[in-house]
*Asks:* 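Take this structure, written in structure tokens, and hold onto it; I'll ask about it next.
All chains are named by letter (A, B, ...) in the order of the sequence lines, taking the proteins before the strands, and each is independently numbered beginning at 1. Keep in mind it's a predicted model, so treat the numbers as computed, not measured.
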Amino acid sequence: MDVQQGTYNFRQIEQKWQKFWEEHKTFRAQDGDASRPKYYVLDMFPYPSGQGLHVGHPEGYTASDIVARYKRMRGFNVLHPFGWDAFGLPAEQHAIKTGTAPALTTAKNIANMRRQTKSLGFSYDWDREIATTDPEYYKWTQWIFLKLFNSYFDEREQKAKPIEQLPVPQGLSEQERRRFVDDHRLAYQADVAVNWCPALGTVLANEEVIGGVSERGGHPVVRRPMRQWMLRITKYADRLLEDLVQVDWTESIKKLQVDWIGRSVGAEVRFQIAGNTPESGGATQDIWVFTTRPDTLFGATYMVIAPEHPLVDVITTPAQKAAVQEYCQAAARKSDLDRTDLAKEKTGVFTGTCAVNPVNQEKIPIWISDYVLISYGTGAIMAVPAHDDRDYEFAKKFGLPVIPVVEPPDPQEAELVRRGEFCFTGNGRAINSGSFNGLPTPEFKEKITAWLAERGQGKKAVNYKLRDWLFSRQRYWGEPFPILHTEDGRIIGLSEDELPLLLPEVEDYRPPGTGQSPLAKAADWLHVTLPDGTKAQRETNTMPQWAGSCWYYLRYLDPRNSARGWDPAKEKYWMSVDLYIGGAEHAVLHLLYSRFWHKVLYDLGYVSTKEPFQKLINQGMILGEDGQKMSKSRGNVVNPDQVIEEYGADSMRLYEMFMGPLEAMKPWSMQGVQGVSRFLQKAWRTVVVEETGALAQTVQEAQPDDETVRLLHQTIRKVGGDIETFGFNTAISAMMIFVNHLAKQEVRPRSIVEPFVLLLAPFAPHIAEELWQRLGHRESLAHQPWPKYNEELAKDKQLELAVQVNGKVKDRIVVPAEMDDEQVKAKALACEKVVSALAGKAPKKVIVVKGRLVSIVV
RNA sequence: GCCGAAGUGGCGGAACUGGCAGACGCGCAGGAUUCAAAAUCCUGUCCCCGCAAGGGGGUGAGGGUUCGAUUCCCUCCUUCGGCACCA
């Protein structure tokens, strides 16, 4: 067999070992094994696209695989699973174009990407493979949805509870009671202004709209009211924030989540409409505003309400009616894109009515402008142009007064602010604020909030940028909702034993254009008669792609369980995920949604940890050789199949890790692949005679020399340490140094070569297994103990120190490692070059830095 | 505009808690081997002056702290990522 011959034939070696691992189930994770610590390494599972794997995928997968293989050798029971996030738009769009069922396209794509993934020799436990589109999988996605549907959020305990425990007010009619309950479910329906994308024929979540166009495809998105399914993620805003302290993620990713949740503390303040006194009838409601700067109340010179504010019609005077109507209608027609584009120029219209500032009884005009959003706070603001950039801009445009009430600490700024020529948004001291003058901003905030509360004019308030999650899509290729709508208007969740509710087969995948999904056309599926004879229709919306990926890490724990989503004992054993690796593009979407579901499941007792992912690493993007983002149109896309064909999986893996830091963005280089490929060949030749395939004569049962032993132990220490800190590039460089040294040796003792092969194994597992076997071992090295290093043996006996005079290196001295500082000093001062550099002057100071240098200051 | 990360040879990048800048790899140059090429091996490779010994400069720019700064502080510039009227 060719494999037995000498040259490094990666094709045969890689095939051989991939087959071996698969047949021997080398990487099977043992549920509940109490004899070893567990370690759960998870990759963000891919969407099985028709393009197949791109080189960005193996970057994260190789990193996690190195850790998985390393942990196994360190004695951990490792769970390292893989699967497919297989619902999604491309397969559906392909179906619309060609009529091919998305299920078929998806199966084909999975088969291809599975082949590619396997060709890289990752140590996945393939017995646990899952696909979100598998009915046996989405059955449980639907099950979790029902848990959300059948739960409410208990404000006092700040947690989800079964809906049966919801305290319902007495004396409600059956219909009112039902309405009350439905309004408290974590999954609920609401008429909301949604992001409707006409080109895609579906609504999108806020997170899926980037700058007014759809994230996928870049199609225009408009606002439109529609009845949609929502998930009450906002109830979890505080917990999603607080629990970030207990996960081990980079600060920048945490910050993205914090910013997305956007918690703001301030006050809600009541403004009465001028003239709306008890004597005059007092019928009009007051306007409540939210502000984070109640300390600037004395500087409020006007108010703004959103065009959609319910009081618009009530407070508009007859004289202003026409102008206001025109403005509001124009605002309603604007898409988000328009609003973003026009953000530079403020627009607005006066209602004709004034409000009364509660702190000084001043009358201030009420304006309407679309820079105030109906969906945030109360949909109305008090405007303080002296201390808010947007209000300042608006006031300048419409000639409204600017009254400074905060004095900046900087005198120059203070002068400009006093003249109304500078908008100061920072903290300072109060001016023009009556008896509050002189107070520092933070203190003023507290005082004024209490002052308002005492008088019933305000209260402390918290607002979030985070909105409830729009959870329905008008698409075919997604999980159907396990929901029925009865003729008499009831919403019923299916019972557990009716799951999975299968996706019906349809002939036409085009959206009907009515705002419904293609499922509305599946008449047989759509219409249902309940046992009691009631007629009902199925919910025709489907879930967004995020649904399946919200909980897949739990299904891996028990992927074939048909009785429950996962076994509680297995959950307790494996959770939480110790290491999660994937792209940073999921920093807010997937990770936030997933954490939310996890917390609901935690509240309901289905999982035992508060957070799903303990440690998170984001791999950086790989650019094309030209330093540009890879794209077909640029023609700079690197195909993993080709790289593997030409250089082998081990070289591919090694190069992806050697390119640079895992988290950095970095360009591809085919010559770089060649470089690591040369390294592997060199490593091969240190062990195997190329002509015969025999073990090299130089690999002997001999005593290694001190230097080689030292280098081996240093390399063991370096490689292990680097894997722990994800410094794979420097680990590989250490192995290169080691091989360069070993290749020069006439004799390469087995006691040196074998540990090295084990070090190489997590990075380049195929070649390592082959070398291990050729060294005479029968068993796979996958569970061999990781080599240990000896600190004493790793220590350098002699140290070379630099000797500096006034910061310039003048000479070098070689000293025994244990030499004490005084002796080192003496030796340094005795150097010929140092003596001449000193030129007879006495050193002021001599600093010895252990193992580094001697610094002499004159 | 705001927030975050980062700027080191021709290129990717290294440098522990402030301690010899440029490890390792690529590329390039020269040499060995070869009829020749590939492969492999050896030598050199931050910049400037110098035949050399040696000297000077150097981690985006400028300043500061320090015996000593790629590392810490301030100002500015550039690139990338995120958010985008959230009061």
Side-chain angles (χ1 to χ4, degrees), chain A residues 7 210-212 250-256 258-260 262-264 266 289-293 296 304 336 339-340 342-344 346 369-373 375-384 387-391 393-394 425 463-467 584-585 587-588 618 620-621 623 625 627 654-655 658-661 663-676 678-679 681-682 685 690 721 727 729-737 739-740 743-744 800-812 843-858:
Chain A
T7 51
I210 312 292
T250 62
E251 287 310 311
S252 60
I253 292 285
K254 286 187 185 184
K255 195 171 180 311
L256 284 178
V258 169
D259 288 350
W260 192 264
R263 184 177 199 267
S264 296
V289 305
F290 172 71
T291 176
T292 55
R293 294 297 302 271
T296 60
V304 185
D336 270 8
R339 279 203 180 191
T340 311
L342 296 175
K344 291 159 199 131
K346 292 270 184 293
S369 173
D370 64 2
Y371 85 89
V372 172
L373 309 175
S375 51
Y376 184 77
T378 60
I381 63 159
M382 63 176 207
V384 185
H387 305 291
D388 181 285
D389 290 323
R390 295 147 303 179
D391 298 346
E393 200 189 321
F394 191 86
T425 56
N463 268 292
Y464 303 89
K465 288 190 201 177
L466 183 70
R467 309 290 149 84
E585 66 274 18
V588 279
N618 296 116
M621 200 197 307
L623 305 171
E625 298 230 25
L654 211 55
Y655 175 65
F658 188 60
M659 291 173 82
E663 307 205 52
M665 186 188 291
K666 43 211 178 286
W668 186 267
S669 157
M670 251 348 160
Q671 280 173 330
V673 182
Q674 250 175 59
V676 293
R678 283 203 273 262
F679 159 68
Q681 288 174 44
K682 194 167 180 180
R685 286 195 306 267
E690 292 202 87
N729 53 335
T730 46
I732 292 167
S733 128
M735 289 191 285
M736 286 172 166
I737 292 169
V739 168
N740 287 343
K744 288 189 197 118
E800 195 191 60
L801 305 182
V803 183
Q804 295 182 337
V805 178
N806 282 344
K808 299 238 182 272
V809 178
K810 291 291 173 190
D811 205 350
R812 289 161 201 288
K844 268 193 211 140
K845 207 193 246 185
V846 180
I847 298 155
V848 178
V849 182
K850 266 232 172 311
R852 301 275 172 192
L853 53 71
V854 182
S855 181
I856 301 165
V857 188
V858 186

*Asks:* Below 4.5 Å, heavy atoms only, C-beta onward: do A:Tyr371 and A:Glu393 meet side chain to side chain?
*Replies:* no
*Asks:* Which sits closer to the 5' end of RNA chain B, A:Asn463 or A:Val809, going by the nucleotide each is nearest to?
*Replies:* A:Val809
*Asks:* According to the Watson-Crick and G-U wobble definitions, with both distances under 3.5 Å, which nucleotide is paired to B:rG30?
*Replies:* B:rC42
*Asks:* May I ask you to verify if any side-chain N or O of A:Asn729 is less than 4.0 angstrom from the OP1 or OP2 atom of B:rA14?
*Replies:*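 The answer is yes; a side-chain N or O of A:Asn729 sits under 4.0 Å from OP1 or OP2.
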*Asks:* In terms of base orientation, is B:rG9 syn or anti, with the syn window spanning 90° either side of 0?
*Replies:*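 Chi for B:rG9 falls in the syn range.
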*Asks:* For a quick test of reading the model: is some side-chain N or O of A:Ser369 closer than 4.0 Å to OP1 or OP2 of B:rC85?
*Replies:* no
*Asks:* Using OP1 and OP2 only, check whether a side-chain N or O of A:Arg852 sits under 4.0 Å from B:rA15.
*Replies:* no
*Asks:* Check step by step if side chain to side chain contact (heavy atoms under 4.5 Å, CB included) holds for A:Glu663 and A:Thr250.
*Replies:* CA-CA 11 Å; A:Glu663 307 205 52; A:Thr250 62; 4.1 Å; yes
*Asks:* Any donor and acceptor pair, going by atom type alone, linking the side chain of A:Lys682 with main-chain N or O of A:Asn740 inside 3.5 Å?
*Replies:*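 No, because the side chain of A:Lys682 does not come within donor-acceptor range (under 3.5 Å) of the backbone of A:Asn740.
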*Asks:* Kindly say if A:Lys465 contacts the phosphate of B:rC3, meaning a side-chain N or O under 4.0 Å from OP1 or OP2.
*Replies:*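 For B:rC3, neither OP1 nor OP2 has a side-chain N or O of A:Lys465 closer than 4.0 Å.
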*Asks:* Using side chain to side chain contact (heavy atoms under 4.5 Å, CB included), reason through A:Asp391 and A:Ile381 one step at a time and then give a plain yes or no.
*Replies:* CA-CA 10 Å; A:Asp391 298 346; A:Ile381 63 159; 3.6 Å; yes
*Asks:* A:Met621 has an atom CE; how far is it from atom C1' of B:rU79, in whole Å?
*Replies:*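 So the two atoms are 14 Å apart, to the nearest Å.
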*Asks:* Whether A:Lys845 contacts B:rC67 is assessed here as follows: a side-chain N or O lying under 4.0 Å from the phosphate OP1 or OP2. Is that the case?
*Replies:*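 Yes, within the criterion.
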*Asks:* Using heavy atoms to find the nearest nucleotide of RNA chain B for A:Pro667 and A:Arg812 separately, return the residue whose nucleotide is more 5′.
*Replies:*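 Looking at RNA chain B, the more 5' nearest nucleotide goes with A:Pro667.
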*Asks:* Just name whichever nucleotide pairs with B:rG4, Watson-Crick or G-U, keeping both distances under 3.5 Å, else none.
*Replies:*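 Pair assignment: B:rG4 / B:rC80.
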*Asks:* Classify the nucleic acid contact of A:Lys808 as base, sugar-phosphate or nothing, counting any heavy atom under 4.0 Å across all strands shown.
*Replies:* sugar-phosphate
